[in-house]
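Since the structure comes first, as structure tokens, the remarks are kept for the end.
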Number of protein chains: 2
Amino acid sequence: MPDDIDRIIQKSYEACASAGVKLTDKRKNVLMVLLGSSTPLSAYEIVERYKIQFGETLPVMSIYRMLDFLIQEKLVHKLETASQYMSCAHIACEHQHETPQFLICDRCGSVKEIAIKKHIMTELERSIQSTGFTLAHQQLELHGVCKHCQDNSVPAN
Amino acid sequence: MPDDIDRIIQKSYEACASAGVKLTDKRKNVLMVLLGSSTPLSAYEIVERYKIQFGETLPVMSIYRMLDFLIQEKLVHKLETASQYMSCAHIACEHQHETPQFLICDRCGSVKEIAIKKHIMTELERSIQSTGFTLAHQQLELHGVCKHCQDNSVPAN
DNA sequence: ATAAGATATGATATAACATAACACCATAAT
DNA sequence: ATTATGGTGTTATGTTATATCATATCTTAT
Ligand SMILES: [Zn+2]
Ligand SMILES: [Zn+2]
Ligand SMILES: [Zn+2]
Ligand SMILES: [Zn+2]
């Protein structure tokens with residue numbers, strides 16, 4: 001979990017303000033739930049945690065809508081290969097958000113978000129050029145085993 | 001759709017035989033359904049097409065089991081980002097099956113399966129080395145727009 | 001201040017995707 | 001022939017996601 005949630009929330013408010021949209025209390029709370037989790041969560045898991053953390057049971061429909069909003073504003077990412085949602089690791093960074101690459105540990109479920117190296121993206125695009133296909137390059141999801149799980153031989157989940 | 005289904009089916013029988021498993025009639029039929037489709041299909045869509053093509057309504061549970069089998073034998077791939085299944089494009093090739101890369105057209109839904117270029121895989125692995133993460137590299141799913149759709153401006157689906 | 005409009009959320013229903021558990025039957029091994 | 005294995009059927013349930021309409025809240029113009 002990020003060590004400076006307050007600062008991330010502050011940055012999120014600013015980002016939404018400059019985009020001309022509103023980070024409502026509930027949207028902020030959903031983001032807080034994700035920021036407080038060490039692994040990505042499904043929409044239904046967010047409902048459960050939201051209830052625990054904020055004492056209110058939101059309909060899952062609302063959670064999906066808030067997730068849509070947060071994804072739109074690039075504050076949250078959806079892992080398509082896992083049907084789970086996680087807060088962006090770079091909300092409080094100053095740099096522009098680049099094409100993300102997710103390293104998903106198949107043992108502990110933790111996910112590390114890094115930016116795709118520029119030259120790899122270039123190579124990827126070149127390699128598919130002959131097919132005429134044009135990349136929309138949203139993101140890359142790579143599965144494997146994280147350092148911690150390799151060191152500790154944590155059983156698969 | 002592949003132009004030589006008979007040959008692919010023949011190869012599939014041989015692959016299963018040498019793996020010591022059985023390609024039953026129904027499993028073969030499921031594979032035929034996928035071979036006959038220009039786009040990947042969901043398990044439920046396979047049920048529908050199976051009925052049309054073979055006049056028998058299979059329970060979706062059985063379809064999932066047959067898909068598991070076909071995936072195990074590398075005759076079928078699952079697109080995780082789409083929850084859909086497609087026959088492997090290289091069943092009748094002689095070469096070893098490599099880490100596949102799927103180019104998924106977000107307009108027409110067609111998918112092209114190609115092998116990941118060796119040097120790109122190497123670069124990818126090198127780029128994440130500092131994180132200590134070890135790739136399981138199952139497959140890469142890339143979204144975008146295919147040549148045909150770019151040329152024809154087919155509306156998004 | 002109030003009404004009109006826009007945005008956000010709630011409620012309900014249902015669709016779409018997937019697995020668990022157990023029963024039954026055919027074929028293979030003994 | 002008997003038992004073991006594998007394949008399929010049946011039923012139930014779990015999980016993820018969307019559609020639709022209602023209600024609440026917030027803005028803005030008058
Ligand atoms: Zn991010
Ligand atoms: Zn791990
Ligand atoms: Zn393949
Ligand atoms: Zn296309």
Side-chain angles (χ1 to χ4, degrees), chain A residues 12-13 16-17 19-34 39-51 54-73 75-86 109 141 156-157, chain B residues 12-13 16-17 19-31 33-34 37 39-51 54-73 75-86 104 106 109 141 156-157:
Chain A
S12 301
Y13 272 117
C16 287
V21 295
K22 259 187 308 192
L23 186 62
T24 63
D25 278 359
K26 293 187 175 177
R27 287 168 174 170
K28 181 207 65 182
N29 289 348
V30 167
L31 180 55
M32 299 249 281
V33 166
L34 291 175
T39 58
L41 301 174
S42 75
Y44 289 80
E45 288 167 337
I46 294 171
V47 171
E48 291 167 19
R49 300 226 184 174
Y50 193 105
K51 178 167 186 186
F54 302 104
E56 190 180 1
T57 303
L58 297 190
V60 69
M61 186 66 252
S62 295
I63 297 292
Y64 275 111
R65 272 188 301 231
M66 291 166 195
L67 286 171
D68 285 346
F69 172 89
L70 294 168
I71 290 168
Q72 190 76 33
E73 301 308 319
L75 300 173
V76 165
H77 297 295
K78 177 178 185 181
L79 296 181
E80 297 288 347
T81 60
S83 294
Q84 288 177 320
Y85 305 83
M86 62 183 287
E141 299 182 25
N157 69 355
Chain B
S12 300
Y13 272 118
C16 287
V21 296
K22 260 187 307 195
L23 185 62
T24 63
D25 279 0
K26 291 185 178 179
R27 287 167 174 172
K28 180 206 66 182
N29 289 348
V30 168
L31 180 55
V33 166
L34 290 175
S37 174
T39 58
L41 301 174
S42 76
Y44 288 80
E45 287 168 336
I46 293 171
V47 171
E48 291 169 17
R49 298 225 186 175
Y50 193 104
K51 178 165 189 189
F54 302 104
E56 190 181 0
T57 304
L58 296 191
V60 69
M61 184 67 252
S62 295
I63 297 293
Y64 275 111
R65 272 189 302 230
M66 291 166 194
L67 286 171
D68 285 346
F69 172 90
L70 294 168
I71 290 167
Q72 191 76 32
E73 302 308 318
L75 300 172
V76 165
H77 297 295
K78 176 176 186 183
L79 297 180
E80 297 288 348
T81 60
S83 293
Q84 287 177 320
Y85 305 84
M86 62 183 289
I104 303 167
D106 291 330
E141 300 182 24
N157 68 356

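Chain letters run A, B, ... following the sequence lines, proteins first and then strands; every chain starts at 1.
- Look at CG on Leu67(A): it is 13 Å from P on dT16(D), rounded to the nearest Å.
- Counting to the nearest Å, the C1' atom of dG14(D) and the CD atom of Glu48(A) are 13 Å from each other.
- As a whole-Å value, the separation of Leu41(A) CG from dT16(D) P is 11 Å.
- Atom OH in Tyr85(B) sits roughly 9 Å away from atom P in dC17(C) (whole-Å rounding).
- Listed for the Ser42(B) side chain is a donor-acceptor partner under 3.5 Å among the backbone atoms of Glu45(B).
- Evaluation of the ring pair (Phe, Tyr, Trp, His ring centres under 6.0 Å) rule for Tyr50(B) yields Phe54(B) as partners, not counting sequence neighbours.
- When the C1' atom of dA8(C) is taken as reference, atom CG of Asp68(A) falls 13 Å away, rounded to whole Å.
- With sequence neighbours excluded, no residue satisfies side chain to side chain contact (heavy atoms under 4.5 Å, CB included) with Ser83(B).
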Atom pairs under 3.5 Å: protein N/O with N/O of nucleotides 5-11 of chain D:
unit_1, atom_1, unit_2, atom_2, d
dG7(D), OP1, Arg27(B), NH1, 3.2
dG7(D), O5', Arg27(B), NH2, 3.4
dT8(D), OP1, Thr24(B), OG1, 2.8
dT8(D), OP2, Arg27(B), NE, 3.4
dT8(D), O3', Lys26(B), NZ, 3.4
dG9(D), OP1, Lys26(B), NZ, 2.8
dG9(D), OP2, Ser62(B), OG, 2.9
dG9(D), N7, Arg65(B), NH2, 2.5
dG9(D), O6, Arg65(B), NH1, 2.8

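- Under the rule for a side chain to side chain donor-acceptor pair (under 3.5 Å), Lys28(A) has no partner lying at least two apart in sequence or in another chain.
- As rounded to whole Å, 12 Å separates atom P of dA8(C) from atom CG of Leu70(A).
- Phosphate contact (OP1/OP2 of dA18(C), side-chain N/O of Ser83(B), threshold under 4.0 Å): present.
- Tyr44(A) contributes a side-chain N or O that forms a donor-acceptor pair with the base of dA17(D) under 3.5 Å.
- Remark: ring of Tyr64(A) not stacked against base of dT18(D); the cut-offs of centroid gap under 5.5 Å and plane tilt under 30° are not jointly satisfied.
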For residues 62-71 of chain B, dump all side-chain donor-acceptor pairs below 3.5 Å to protein atoms at least two apart in sequence or in another chain.
none

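- Evaluation of the side chain to side chain donor-acceptor pair (under 3.5 Å) rule for Glu73(A) yields no partner, not counting sequence neighbours.
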